[in-house]
Amino acid sequence: MVMSRAMQASTIAEIFIEQNAVRMELEIGMSDIPAFRNILPDSIYEEMGNEPVPLAQRLELFFKKDFVVHSDREVLRGEVRQMEPRKRLKRDDITGEPLPNQGGNADILFAEFVFPLAKQPETLSFQPPVNDQGFTSATIGFMVYHLDLPVTDFRYLSQKETVRLDWEDPWYSRFGNKNLWRQYNEPLSVFLYAEPFETRVEVIVRPKDIQQWHDLNLEGAEKVSVEMQPGIKEQITEFLLTQMELTIDGQKVVPELQRINFLKRTLKSS
């Protein structure tokens, strides 16, 4: 697995792209508090040595200049849904899922932002806070989900990044920056094993993508029921065996089906 150190960033951002809104949950580390000063209550903001500015005015500035979300190049107006001190969650380095063993965690400021969507945009851009020199003023590790599907592994948000959204099939939502593509990115994966007495080919594919070449009667279906699975497996087997050609020492080999089953693919394993 390719792991970055993004999970160790001072601030962690989880971004959820939903049908009608973009929701963002942040664990803001103490070292990054100055970069998020414009969302803080007046009393704390002034205790940090800042001149008094009304919170409503500072929030307007935050969503226009500090942490900016563009919808098809239009700046989205955000709102703070909740904000409170918490303990940082210990998470898996790849998936970001909270680990079972918590304790001894650092103090953070938890904040939830909501950006309503008037329409489903083709692209969304996320711009982290920057200082006067144009460099990021916070160390942010981030994760993005589109309609509950992960778009990327945990990576750093160190500059403005843009994701192109596929609302028909969020599997194909992609960041323009290839460094942000998740490791299990392709809809079809083929593994070839050459061993002393056999050659094995393993294929992992989504039924939805087989549907493009061979009709599995899935048009309009949202889920594959248990009753549908045997027929779908049989059709996929027939399709793959007719499409797969393997030669060994120049001789074509007719493969034999060893097994076929449904599995769950996550960011970390199959």
Side-chain angles (χ1 to χ4, degrees), residues 1-28 32 35 63-78 91-97 111-130 134-189 204-206 208-209 265-270:
M1 301 299 297
V2 178
M3 291 189 293
S4 70
R5 295 185 176 273
M7 194 55 66
Q8 301 176 15
S10 176
T11 296
I12 301 296
E14 288 188 288
I15 301 171
F16 304 89
I17 303 170
E18 301 167 349
Q19 292 282 3
N20 302 313
V22 177
R23 188 168 57 83
M24 189 180 305
E25 295 182 358
L26 292 99
E27 296 179 357
I28 305 169
D32 285 342
F63 290 117
K64 281 187 176 180
K65 292 188 176 180
D66 293 347
F67 206 124
V68 187
V69 178
H70 289 87
S71 171
D72 294 336
R73 298 184 179 181
E74 178 184 346
V75 176
L76 288 180
R77 183 182 180 89
R91 301 174 181 269
D92 182 276
D93 288 333
I94 298 294
T95 67
E97 295 174 350
E112 182 183 15
F113 305 151
V114 176
F115 303 82
L117 292 174
K119 62 181 180 66
Q120 294 180 339
E122 292 184 8
T123 63
L124 284 172
S125 299
F126 306 98
Q127 180 179 308
V130 296
F135 298 106
T136 54
S137 54
T139 306
I140 301 175
F142 83 121
M143 183 73 182
V144 176
Y145 301 87
H146 184 200
L147 300 181
D148 296 329
L149 277 177
V151 178
T152 178
D153 300 329
F154 246 99
R155 291 292 184 264
Y156 284 105
L157 181 61
S158 55
Q159 61 185 9
K160 182 179 179 180
E161 300 287 2
T162 300
V163 59
R164 182 165 293 278
L165 302 172
D166 189 323
W167 291 95
E168 293 294 326
D169 190 353
W171 177 278
Y172 291 103
S173 295
R174 295 279 192 280
F175 274 94
N177 182 355
K178 289 187 176 182
N179 293 326
L180 298 180
W181 290 10
R182 62 179 181 268
Q183 184 160 323
Y184 290 128
N185 196 58
E186 303 303 329
L188 186 148
S189 301
I204 298 179
V205 63
R206 301 193 314 158
K208 190 169 185 176
D209 290 295
R265 182 161 241 192
T266 68
L267 287 174
K268 202 168 184 178
S269 63
S270 297

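One-based numbering along the sequence shown. Excluded from the calculations below are hydrogen atoms, water molecules and symmetry mates; all remaining heavy atoms, backbone and side chain alike, are included. All values derive from a computational prediction rather than experimental measurement.
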Measuring centre to centre across the rings, with the benzene-like ring taken for any Trp, is Trp171 within less than 6.0 Å of His146?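 Between His146 and Trp171, which both carry aromatic rings, the centre distance is not below 6.0 Å.
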Are Phe63 and Phe113 an aromatic pair by the rule of ring centers under 6.0 Å?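 Ring centroids of Phe63 and Phe113 are less than 6.0 Å from each other.
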How long is the span from the [atom1] atom in [X] to the [atom2] atom in [Y], to the nearest 0.5 Å?
X      : Y      : atom1 : atom2 : result
Phe175 : Leu180 : CZ    : CG    : 5.5 Å
Ser71  : Gln120 : OG    : CD    : 10.5 Å
Phe115 : Leu124 : CZ    : CG    : 10.0 Å
Arg182 : Thr152 : CZ    : OG1   : 9.0 Å
Ser173 : Leu165 : OG    : CG    : 5.0 Å

Under 3.5 Å, side chain of Thr162 to main-chain N/O of Ser125, donor-acceptor pair present?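 Not confirmed, Thr162 side chain does not pair with Ser125 backbone.
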Does Asn20 reach the main-chain N or O of Leu117 with its side chain, forming a donor-acceptor pair under 3.5 Å?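 Checked: no pair found.
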Of all the heavy-atom pairs spanning [X] and [Y], show the shortest one and how long it is.
X      : Y      : answer
Glu18  : Arg23  : OE2-NE, 3.2 Å
Val68  : His70  : CG1-CE1, 3.4 Å
Ala9   : Ile140 : CB-C, 3.9 Å
Val163 : Ile17  : CG1-CD1, 4.4 Å

Could you check whether Arg155 pairs with Asp153 (Lys NZ or Arg NE/NH1/NH2 to Asp/Glu carboxylate O, under 4.0 Å)?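 Yes, Arg155 and Asp153 are salt-bridged.
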Begin with the C-alpha distance, continue with both residues' side-chain angles, and end with the deciding distance and a verdict on side-chain contact (heavy atoms from CB on, under 4.5 Å) for Asn179 and Tyr156. CA-CA 10 Å; Asn179 293 326; Tyr156 284 105; over 6 Å; no
Would the number of heavy atoms belonging to other residues, nucleotides or ligands and lying under 6.0 Å from [atom1] of [X] be above 12?
X      : atom1 : value
Lys119 : NZ    : yes
Arg77  : CZ    : no
Glu122 : CD    : no

Are [X] and [Y] close enough that some pair of their side-chain heavy atoms sits under 4.5 Å apart?
X      : Y      : result
Arg174 : Asn185 : yes
Leu26  : Phe67  : yes
Gln19  : Leu147 : yes
Pro121 : Trp167 : yes

Looking at residues at least two apart in the chain, or sitting in another chain, which of them share a side-chain contact (heavy atoms from CB on, under 4.5 Å) with Ala35?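 Testing Ala35 for side-chain contact (heavy atoms from CB on, under 4.5 Å), a comparison that skips the adjacent residues, returns Pro129, Ser137, Ala138.
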If we check side chain to side chain contact (heavy atoms under 4.5 Å, CB included) with Ile15, which of these qualifies: Glu25, Met24, Met143?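 The option that passes is Met24.
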Any side-chain donor-acceptor pair under 3.5 Å between Asp209 and Tyr172?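 Yes.
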